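Everything on this sheet refers to the single structure shown next.
These numbers come from a predicted model, not from an experiment.
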Amino acid sequence: MSALGRFLRTLAFGVLIVAVAIGGGILFRDVRQVEDAFGRNEIAANGTVQGRLYPGDPQREAELVSGEAARLDYVRTVGSSIPWHVDGIDGPYRVPTAPASTLVLPARETPYTFEDLRELAPETLVERPDGSFLLSEHVVVLSGAVLDVTSESPLTINMASSADSFVSLVAIGGTLKMTGTEAAPVTVASRDTASGAPDEQTADGRAYVRVIGGTAELSHARFSDLGFWSGNTGGLSLTGVEDSSQDLAADAPLTPSEVEGGGAPTLTPEELEPLLADDQPEPGPVTASLHDVWTTGNAFGLFVSRATEVTVTDSRIHNSLIDGVVFHRFVTASTLEATQSIGNAVDGVVIDRSSSSIQLSDVTSSDNGRNGISVDGQPLADGPSAAGTPVAAYGDVHVGRSTVADNARYGIEVSGGDGMTIADTHVAAGTVGIALNHGARNVEVTGNTLENQERQSIALRQGVEDVRIEGNAISSVDTGVHVRNAAATVSQNSFADVSNHAVTLVGTATGTQVSGNTIVGHGSTPVYDDAIGGHITGNDVEGWETPPTVASVLSTFFQPLTIIWVALGLLLLFTALTGHRRRGIRHPYADRIPLTELSEGVVSPETLRGAR
C-alpha cells in the first residue's frame, strides 16, 4: 500500500473514532442539559448549589441559632411563672441572659410605646448624635402585650451587632406594631458597635426581629442587614411554634449577664431557679399585615412559617443573602401583592411544602440567583413516619399578573402539588420559563407571555399530568413547550421566532393533545413527536420555515449516527481507491485476444510498400 493510501485509511479510522466520541458527547450533553434544566433544590455551601453561596460560618452560626432558641425558651418559661412566684414584680423586668440581658414586656392593657422603652432602658436604648437610637439589649414582648413603635417623624433604631454579641427584638405571643409614614418610615438596622457601620458579617451572628405566634402589624418600615443562618433568625421572621427540637428548646443553661440596663428590675438567679419547671402556654400560629415594608441585605428577606392570614402589600425585598420571601411550613390563607423580590442570592419567592391557599399577584421577582418563584407542593412524607405526617399533596397556590424576569435558573418552578394556576404573567429570560416536575397535577398555565428563555419556555417532566397550557404567547426560544413523560393539553397558544420546535413530545405522552396552536418559526419541524400516546391535530404551521442555513446543515450533520455513517463511507471509498492504485485493472484473457480485436485485419498494398 502506498504512503498516500496508508494516510487516507488512518484518516478514515480517525474520523470514525472522533465521530463516536462526538456522538457520545452530544448524547451525554443532552442528558446533562435535561438534568441541569430541572436542577436541584439544595441551599448550602457545596458544589451542587444553584444561586450565590452563603458567605457565613455554618458551624458557628448553627450553634448561635441553638443558643437563641434556648434563650427564648428560658425567657418564656420565666415569663409564664413570674406573676405567681416573684413578689414585687408588676410590669417589665429584665432577665440576666448573656452576653446581653433581655428586657421583658409582660401583658398589660395599654400598649408599650417607644417612649416607654426609653424610660425602661435608659442605658441600653441610647440616642446618638445623628438622632438615631442604639439598642444594646434584647427585647421580648410576651402574650397579651403590645409594643407599638409609631412615629410620624424619621425614626431609626440601630440594633447592636458585633463580633462579641448581638441583640434581637422578639414578640412571643405578643403584638409588634411598627408604623411610620411614606415620607418618614421607621428604620431598623444592625449596627457594628466597633466600626459604626451596618453589620455585614453573619459568621458571629447578627441582630434580628421576630414574631412568634403573635401578631405583626408593620407599615412604612425598613429593615436592613439583619439576621443569620436560619429562617427563625433570618432577619425579619414571622413564625408560629414549631417542633420543640428546633424552636424554643432550652437544652443548655444560660449564664446570667452582668448588664443591668436600668429602668426595670433584674431578676437574680435565686429568683429564677424555681420558675423553670412550670408548663408554658403555646403561642400558636402567627398572623401579620405588612404594607410598604422594605428589606435589604437580610439573611432571609422575609421568612414566614406556621402562619395564617398573612398579607404583604406594596413591599420591596432586595439583596437577601439566601431567599427573598419565604412562606415555609404550614402557611395558609395568605397573600403577596404588589411586591418586588429582586437580587436575592437564591430564590425570589418560595412557597414551601405544606403551605396552601396562597395568592401571588402583581409580584415582580427578578435578577435572583436561582428561581424567580419556587412552589413545592409535595407531601411531607411518602409513607409511615414517626409523627404520622399526612401523605397528601398540597396546593391551591395561584400566581397572576406578575413579572418574572432575568433569574439565573427558572422563572417559575412548580414541584409536585395539586391545583395551581399561573396566569397573565410575563416570564422573560432564564434557562426555562415555567418548569413543572415531581408529579405536579391539575395545573393551569394560561394567558402568559414567555420570551427569551435559553432552552424551553414551558417544560413538563416525570409524572406531571392534568396540565392545561392555553392562550400563552411564546417567542424567541429554542423549544416552546417540552413534554417528557407527562400529560398536558397544549392549545390555542401562539409561537413566534422558535428556532427548533414549538412543541416537543418525548417518552410517554398518553393523554397529551396539541391542537389549535399558531406556530411561526424556523427549524427542523414545528412539532416534534417522539412519544407514545400524544395526539397532534389542527395546528396552523403556515408560518413555519425550514431554510437550509449553515447552522441547520451543521446541526443536521453533527448527529452521532450521521457522522458514523459518513466515516464508514469514507473508509470504504478510500479502501477501494487505494486497492485500485496498487493492483491496476487487467484483462482476464489478455493472451487469447483475437487478432481482429487488435487491428482492422486488412493491410493495403500501399501500406506494405511504405513499410519497405
Checklist entry - Hey, which of Asn344, Asp323, Asp406 is the one that makes side-chain hydrogen bond (donor to acceptor under 3.5 Å, both in side chains) with Asn368? => result Asn344
Checklist entry - Taking Arg206 for the side chain and Leu226 for the main chain, is one N or O donor matched with an acceptor at less than 3.5 Å? => result yes
Checklist outcome for this item: Residue pairs passing the side chain to side chain donor-acceptor pair (under 3.5 Å) test with at least one member in residues 497-514, sequence neighbours excluded, are Ser476-Asp497, Asp478-Asn500
Item to check | N/O donor-acceptor pair under 3.5 Å between Asn407 side chain and Arg409 backbone | outcome: no
Checklist entry - Is Arg222 salt-bridged to Asp292, cutoff N-O under 4.0 Å? => result yes
Item to check | Residue pair Asn437 / Gln462, side-chain donor-acceptor N/O under 3.5 Å | outcome: no
Checklist outcome for this item: Heavy-atom nearest pair, Thr431 first then Gln453, reads O-CB, 4.0 Å
Item to check | Polar contact flag, side-chain donor to acceptor under 3.5 angstrom, Glu217-His291 | outcome: no
Item to check | Thr287/Thr308 under side chain to side chain contact (heavy atoms under 4.5 Å, CB included): CA gap, chis, key distance, verdict | outcome: CA-CA 5 Å; Thr287 61; Thr308 186; 3.8 Å; yes
Item to check | Inter-residue atom distance Ser515.OG - Glu470.CD, 0.5 Å rounding | outcome: 9.0 Å
Next on the checklist: Between Asn472 and Leu450, does the side chain to side chain contact (heavy atoms under 4.5 Å, CB included) criterion hold? Intermediate values first, please.
Outcome noted: CA-CA 8 Å; Asn472 302 285; Leu450 301 102; 4.2 Å; yes
Item to check | Whether Arg441 side chain and Val464 backbone form a donor-acceptor pair below 3.5 Å | outcome: no
Item to check | From Ile342 atom CD1 to Asp367 atom CG, the distance as rounded to the nearest 0.5 Å | outcome: 7.0 Å
Checklist outcome for this item: On a heavy-atom basis, the closest approach of Val211 and Thr215 is CG1-N, 3.9 Å
Item to check | Ionic contact status for Arg401 with Asp362, cut-off 4.0 Å | outcome: yes
Checklist entry - With side chains defined as the heavy atoms from C-beta onward, is the minimum distance between Asp352 and Arg329 less than 4.5 Å? => result yes
Next on the checklist: Could you check whether any side-chain heavy atom of Val506 comes within less than 4.5 Å of a side-chain heavy atom of Val483, counting everything from C-beta outward?
Outcome noted: no
Item to check | Minimum-distance pair of heavy atoms, taken over all atoms of Val325 and Ser341 | outcome: N-OG, 4.0 Å
Next on the checklist: Between Thr339 and Asp314, is there a side-chain heavy-atom distance shorter than 4.5 Å?
Outcome noted: no
Item to check | Residue pair Leu64, Trp229: steps toward the side chain to side chain contact (heavy atoms under 4.5 Å, CB included) verdict | outcome: CA-CA 9 Å; Leu64 291 170; Trp229 192 245; over 6 Å; no
Item to check | Within-4.5 Å side-chain heavy-atom neighbours: Leu236 and Leu290 | outcome: yes
Item to check | side chain to side chain contact (heavy atoms under 4.5 Å, CB included) between Ile469 and Val481, worked out | outcome: CA-CA 9 Å; Ile469 301 172; Val481 177; 4.0 Å; yes
Checklist entry - Which pair of heavy atoms, one from Ile358 and one from Val331, lies closest together, and at what distance? => result CD1-O, 3.6 Å
Next on the checklist: Quick one, Val467 and Leu460 - any side-chain contact, counting heavy atoms below 4.5 Å?
Outcome noted: yes
Next on the checklist: Before you tell me yes or no, could you show the steps for His426 and Thr449 under side-chain hydrogen bond (donor to acceptor under 3.5 Å, both in side chains), namely the whole-Å CA-CA distance, both residues' side-chain angles and the distance that decides it to 0.1 Å?
Outcome noted: CA-CA 5 Å; His426 180 213; Thr449 300; over 6 Å; no
Checklist outcome for this item: Rounded to the nearest 0.5 Å, the CZ atom of Phe303 sits from the OG atom of Ser230 at a distance of 7.5 Å
Item to check | Side-chain donor-acceptor pair present, Tyr54, Thr202, cut-off under 3.5 Å | outcome: yes
Checklist outcome for this item: Rounded to the nearest 0.5 Å, the OG atom of Ser494 sits from the CD1 atom of Ile519 at a distance of 10.5 Å
Checklist entry - Counting N and O atoms only, with roles assigned by atom type, does the side chain of Ser357 sit under 3.5 Å from a partner on the main chain of Asp396, one being a donor and the other an acceptor? => result no
Checklist entry - Parallel under 30°, tilted from 30 to 60°, perpendicular over 60°: which one fits the rings of Phe330 and Tyr394? => result perpendicular
Next on the checklist: Just checking Glu454: does its CD atom have more than 12 heavy atoms from other residues, nucleotides or ligands closer to it than 6.0 angstrom?
Outcome noted: yes
Checklist entry - Under 4.5 Å between any side-chain heavy atoms of Ile458 and Val445, yes or no? => result yes
Next on the checklist: Return the OG to CD1 distance between Ser415 and Ile351, rounded to the nearest 0.5 Å.
Outcome noted: 12.5 Å
Checklist entry - Do Leu302 and Phe223 have side-chain heavy atoms sitting under 4.5 Å apart? => result no
Next on the checklist: Let me confirm one number: the OG-CD distance from Ser402 to Gln340, rounded to the nearest 0.5 Å.
Outcome noted: 11.5 Å
Next on the checklist: Looking at every heavy atom in both Asp225 and Asn298, which two are closest together, and how far apart are they?
Outcome noted: N-OD1, 3.3 Å
Checklist entry - If we only count heavy atoms from C-beta on, is the Asn517 to Val490 side-chain gap below 4.5 Å? => result yes
Next on the checklist: Main chain of Met420, side chain of Asn442: is a donor-acceptor contact present, judged purely on distance under 3.5 Å?
Outcome noted: no
Checklist outcome for this item: Shortest non-hydrogen pair, Thr233 vs Ser237, comes out as N-OG, 4.3 Å
Next on the checklist: Restricting to side chain to side chain donor-acceptor pair (under 3.5 Å), what partner residues turn up for Glu444, sequence neighbours left out?
Outcome noted: Arg468
